[in-house]
Amino acid sequence: MTNPSPTPEQAAAAETPGSAPAPAPAPAPADSPVTVSGPGTPPAAVPPATASGPDAAPPAPGSGTGDGRVPAPRTAGESRRPTLRSDLRASWPDGLVALLITAAVFVLLYVRIRNKTSSTVTVMPFMADAGGFWMYFLSQAFGWSALLWAWGTVILGLMLSGPRPGRLPISAPRLERLHRTTSLNTMALIAAHALLFAAELVRHDTASWNSAVATAFVEAFVPGGYDSGTGRIAIPVGQAALYLAIPLGLLFYVRHRIGPRTWRVLHRCVIVVYVLSVWHTLLYGTNVWYDGWFRTSVWLLQLPIAALLLLRLLRPARRSEKLSARPGAGGGERTRWALRLGGRLVVVAVVVALVAVVATGRDGGRSVPPEDTSSTHNHD
C-alpha cells in the first residue's frame, strides 16, 4: 500500500519540530498608523524598521503584505490615513482651550488699557478709550493666542521629527494628532486675528459701507495696502505668515497625491511661517513695542524651539539626514553637506543670540517712546 503524501501543513510542521503557530499581533489603537501583516507571518518576514507617522507612504491598493498573503481586515473605526474631516472633529477640545485663552488675554489687555499701564497707550494715545477700540484689542488677543498655538505646534513637530524623550504622557500617534489639531486651530486663530483687524478698520471708517469694506480689505489682506508707519513692513510680514500657513498646513491631507518626499520638503517651510509670525509681533505688537519684561518673554519662548531645532539637526530621525564627518566625492553631495553644516551653525548662532537677548533684556529695538506717537490710522 502506498502511503498518502503529506499535506503542506504537515510538511511545514515536520521541518520545524515543536513549532507553534505564530500568535496574532496585538491590535493597535484606532488612531495610530499600523503595518498590517497576514496571520501567521513568521518574525523573519517583518522588516526591521517600518516608517511610521505622517511621512509613511501607505501600501499600494491591492498589494499584500510582501509575502503573498492578503492583509487582515481593518478593525472598526480604523482609518487608512488621517483626513481633514476627522482632524476637524478632533480639534474642538483644543479649539475650546484656545478660545478660553484668547478671552483671558483680551481681559488682560482691556484692563491694562483702561488702567493706562500698557505701552499701547504710549504708542497710540487715542486708544486709551478701551470701550471704543474693544474690537482692536480682541484682534490683538487672537493674535497672541495664534502665536502661542503656533509655538506649541512647532514644539510638537520638532519632538516628532527629532529624538523623542524616553517618557511621554501620551502615545506617539496621539501626539501626532495633537500636532495636526493645533495646526488647524493656529490657522483659524490667525484668520480671526486678520478678520477682526479688518472689521475694526470698517467700524471706524466714516466713508460709505462699500468703500469702507473695500479699503479695509486692501489694508488688511493686500500686501502693500497698509501705508502707515511700521505697518508698511509689519503688515505684509503678517500677511505672508497667513498666506503660507494655510496651504502648508493643509498639504498634509494631500501628501499621498504629491508624494511624501515633496510634502516633507514643503513641510519644513513651516518654521519660516513661525519666524514671520514672531517678526510681525515684535514689529507691530504695541504690547511689546519697547524693551521690557513682556518683550523679553517673547524672546524667552524662542529658546526651546531653537534648542529642539538644533537637537533635531544634530540627531535627525532619518539616517539620510545625518551629517557625515566628511563630504562625499560628488559635487552634489558636497553641496548638500555644506548646506547641512551651515544650517547647524546658523542655529547655534541663533541659540547664542537668544541667550544674550534674554540675559540683557535688549534686542536692539525700541528702548524709549518716540517724541511723535501720532498715527495716520487714528480714525479721528
**Report entry** Tyr274 vs Gln302, side chain to side chain contact (heavy atoms under 4.5 Å, CB included): CA-CA, chis, key distance, verdict
**Finding:** CA-CA 10 Å; Tyr274 180 74; Gln302 312 319 313; 2.5 Å; yes
**Report entry** Stepwise side chain to side chain contact (heavy atoms under 4.5 Å, CB included) check, Tyr290 with Thr122
**Finding:** CA-CA 10 Å; Tyr290 307 116; Thr122 306; 3.8 Å; yes
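Closest of all the heavy-atom pairs between Leu201 and Ala216 is CB-CB, 3.9 Å. Counting all heavy atoms, side chain and backbone alike, Gly249 lies closest to Ser183 at CA-OG, 4.3 Å. Looking at every heavy atom in both residues, Ala141 comes nearest to Val105 through CA-CG1, 3.8 Å. When all heavy atoms of Met187 and Ala245 are compared, the closest pair comes out as SD-O, 3.6 Å. Here the closest non-hydrogen pair linking Val288 and Thr281 is CG2-O, 3.6 Å. The heavy-atom pair separating Trp151 from Pro304 by the smallest distance is CZ2-CG, 4.2 Å.
With rounding to the nearest 0.5 Å, the separation of OG1 in Thr153 from CG in Leu148 is 9.5 Å. The CG atom of Leu158 lies 8.5 Å from the NE2 atom of His179; values are rounded to the nearest 0.5 Å.
Gln239 is listed as a side-chain neighbour of Ile235, based on a closest heavy-atom distance under 4.5 Å. Side-chain atoms of Trp279 and Leu276, non-hydrogen and from C-beta on, do get closer than 4.5 Å to each other. Side-chain contact check for Leu160 versus Glu176: some heavy-atom pair is nearer than 4.5 Å. The side-chain heavy atoms of Phe142 and Leu196, taken from C-beta on, include a pair separated by under 4.5 Å. The side-chain heavy atoms of Pro82 and Phe252, taken from C-beta on, include a pair separated by under 4.5 Å.
Using bins of under 30°, 30° to 60° and over 60° for the plane-to-plane angle, the ring pair Trp263/His267 lands in the parallel bin. Using cut-offs of 30° and 60° for the angle between ring planes, the Phe197 and Tyr136 rings count as tilted.
Side-chain polar atoms of Ser211 and Ser208 form no donor-acceptor pair below 3.5 angstrom. Between the side chains of Thr286 and Thr120, a donor-acceptor pair is found at a separation under 3.5 Å.
Although no hydrogens or angles enter the test, the distance criterion places a donor-acceptor pair under 3.5 Å between the side chain of Arg344 and the main chain of Arg340. With Glu219 contributing its side chain and Ala198 its backbone, the two residues share no donor-acceptor pair below 3.5 Å. With Arg112 contributing its side chain and Thr117 its backbone, the two residues share a donor-acceptor pair below 3.5 Å. With hydrogens and angles ignored, the 3.5 Å screen pairs a side-chain donor or acceptor of Arg232 with a backbone N or O of Gly229. At distances below 3.5 Å, at least one donor-acceptor pair connects side-chain atoms of Tyr243 with backbone N or O atoms of Phe221. Remark: the backbone N or O of Ser91 is paired with a side-chain donor or acceptor of Asn185 at under 3.5 angstrom.
Taken together through direct or relayed side-chain contacts under 4.5 Å among Ile, Leu, Val, Met, Phe, Trp and Tyr, Leu354 and Leu311 form parts of separate hydrophobic clusters.
Counting heavy atoms of neighbouring residues, nucleotides and ligands inside a 6.0 Å radius, atom CG of Leu250 exceeds 12 of them.
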